[in-house]
Amino acid sequence: MKILFALTIAVLGILLLNNPSANAQTSTEKIRVIVIGAHPDDCDNEAGGTAALFASKGYAVKFVAVTNGDAGHQVMKGKELAERRFAETQEAGRRLGVTYDVLDNHDGLLLPTLEVRLQIIRKIREWNADIVIAPRPNDYHPDHRYTGVLVQDAAYMVAVPNIAPDVPALRKNPVFLYASDNFQRPNPFRPDIALDISTTFIQKMKAFDAHVSQFYEWMPWIGHYDKDIPAGPEERFKWLLKTYDEKINAATRASLVKWYGKEKAAKIKYAEAFEICEYGSQPNEKEIRRLFPILVK
Ligand SMILES: [Zn+2]
């Protein structure tokens, strides 16, 4: 009798595992996140800590660079540079536990065209995203600004079946979030959601470290601090940790208090914050907590 019972349980288990509707049920319950950046290192900056947190809990996260990065270097350029930067994205993605796509648009020449808008609509649909993270359209770099515009232009259109009909439209409009920045005009960033990334901050820094051409070569050169970069990989990683050890500002700290409570918020060392874009679905507090299971009081 006991054997028969065990056998029945085993058979039931196998049936359940092989039942496609059971699998579909599980996957629809999992929040899916897509982060969109202009260059093949921007997503890491926008949401690297949040992405690593989601990934560590088994959620699917995709990064998409809208340009191939073929202009971001003082010595290299073109195809050779794009290939090097693609390899860097794959290593950064591996370190964060996310997949990293790079669209083949030229760096430094991005425009908010219909063609690129359709590329972004398809990416968001194919990923069946619940959360879309992108820059605000008021950033210093034109590629960042236009990435912000392009993603805003994709919000709502991702649910319109007659647009890009080759990829099925989403039946829901995802939540669109802006990544944080310090630009004040025409309006400063508003941290609607703030997440404790203290446990994944080092992982985020390791993702930065994977973009050798950027964090240790191009950005120091264009910023006139290339003399500060130590030679060895361990020494330069220490320099990176020190340089990007960003203090939490007052507005983000206040948002952390809202989401984590005063006591816990006071102890948080590293955070990432997001502003809710008006063009996607508008989540209330309960919905935000459902979308961010990584937000634990
Ligand atoms: Zn960039």
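Note that the structure is a prediction, hence the values are computed from the model and not measured. Indexing begins at 1, ligand by ligand and atom by atom, following the structure's order.
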**Q** Assess Asp143: does it contribute an N, O or S atom lying under 2.8 Å from the Zn ion (ligand 1)?
**A**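 It does not; every qualifying atom lies at 2.8 Å or beyond.
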**Q** Could you identify the N, O or S atom of His39 positioned closest to the Zn ion (ligand 1)?
**A** ND1
**Q** Hey, do the aromatic rings of Tyr244 and Phe208 have their centres closer than 6.0 Å?
**A** yes
**Q** Hey, would you say the Tyr100 and Phe86 ring centroids sit under 6.0 Å apart?
**A** no
**Q** Per the salt bridge (charged side-chain N to carboxylate O under 4.0 Å, His left out) rule, what does the pair list look like for residues 34-47, sequence neighbours excluded?
**A** Asp41-Arg85
**Q** Just to the nearest 10 degrees, tell me the angle at the Zn ion (ligand 1) spanned by His144 NE2 and Asp42 OD1.
**A**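 Result: 120°, to 10°.
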**Q** Can you confirm whether Tyr59 sits close enough to Leu53 that some side-chain heavy atom of one is under 4.5 Å from a side-chain heavy atom of the other?
**A** no
